[in-house]
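Notes for the one structure printed next.
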Amino acid sequence: MRPDLLAWQFEHYSLNHADRANLALHAVTVPLFVLGLPLFVLALVAGRFALAGVGLLLVLLALAAQSRGHRREHVAPAPFRSRGDMLARLVAEQFVTFPRFVLSGGFARAWRAAGQHVD
């Protein structure tokens, strides 16, 4: 895992999140991931396997949709270095970086800028 993961991810975030469709997908799917991952873990620990399956499904659907959204971007995200890097980056993005992007005004700026550059 990168020692400066959160700073690195946030520094480059707007480059990989400039397309309106990708932004809209993230606005819908990040909450699904944030709900799905704890649901999966807690339900699994509690032995509620059907509910754990629902949580896992939410996580996988969110990631699949975000992956499709990223294909629309002019600048692709940096490749993953390893499975650990992938997991750390995905969790950091969902729980920290995207909410920070929204709360800092980055999402609104990206949305407005994307509206001016319609392909």
_What's the separation between atom CZ in R72 and atom CG in L25, rounded to the nearest 0.5 Å?_
8.5 Å
*asked:* Please report the interatomic distance CZ(F49) to CG(L44), rounded to the nearest 0.5 Å.
replied: 6.0 Å
*Are side-chain heavy atoms of V30 and V34 found at a separation under 4.5 Å?*
yes
*In Å and rounded to the nearest 0.5 Å, what is the OG to CZ distance from S14 to R109?*
8.5 Å
*Could you give the distance from CG (L32) to CG (L39), rounded to the nearest 0.5 Å?*
11.5 Å
_Distance-only side-chain donor-acceptor flag, N16 / H12, under 3.5 Å_ = no
*Check whether any side-chain N or O of E73 sits under 3.5 Å from a backbone N or O of N22 as a donor-acceptor pair, and report yes or no.*
no
*asked:* Does any part of the side chain of L37, heavy atoms only, come nearer than 4.5 Å to the side chain of F95, both counted from C-beta?
replied: yes
*Are the side chains of F33 and L58 in touch, meaning some heavy atoms are under 4.5 Å apart?*
no
*asked:* For A7, is there any backbone N or O sitting under 3.5 Å from a side-chain donor or acceptor partner on D4?
replied: no
*Are R100 and E93 side-chain neighbours, meaning at least one heavy-atom pair lies under 4.5 Å?*
no
*Mark yes or no for whether S67, through its side chain, and L63, through its backbone, hold a donor-acceptor pair below 3.5 Å.*
no
*With distance as the sole criterion, is a donor-acceptor pair present between the side chains of Q94 and H26 under 3.5 Å?*
no
*May I ask you to decide if W8's main-chain N or O and R2's side chain share a donor-acceptor pair within less than 3.5 Å?*
no
*asked:* Which label fits F98 and F101: parallel for a plane angle under 30°, tilted from 30 to 60°, or perpendicular past 60°?
replied: tilted
*What residues, two or more places apart in sequence or in another chain, satisfy side chain to side chain contact (heavy atoms under 4.5 Å, CB included) together with L6?*
A92, V96, T97
*Qualifying residues under salt bridge (charged side-chain N to carboxylate O under 4.0 Å, His left out), relative to R89, sequence neighbours excluded*: D85
*Out of curiosity, L60 CG to F40 CZ, how far, rounded to the nearest 0.5 Å?*
9.0 Å
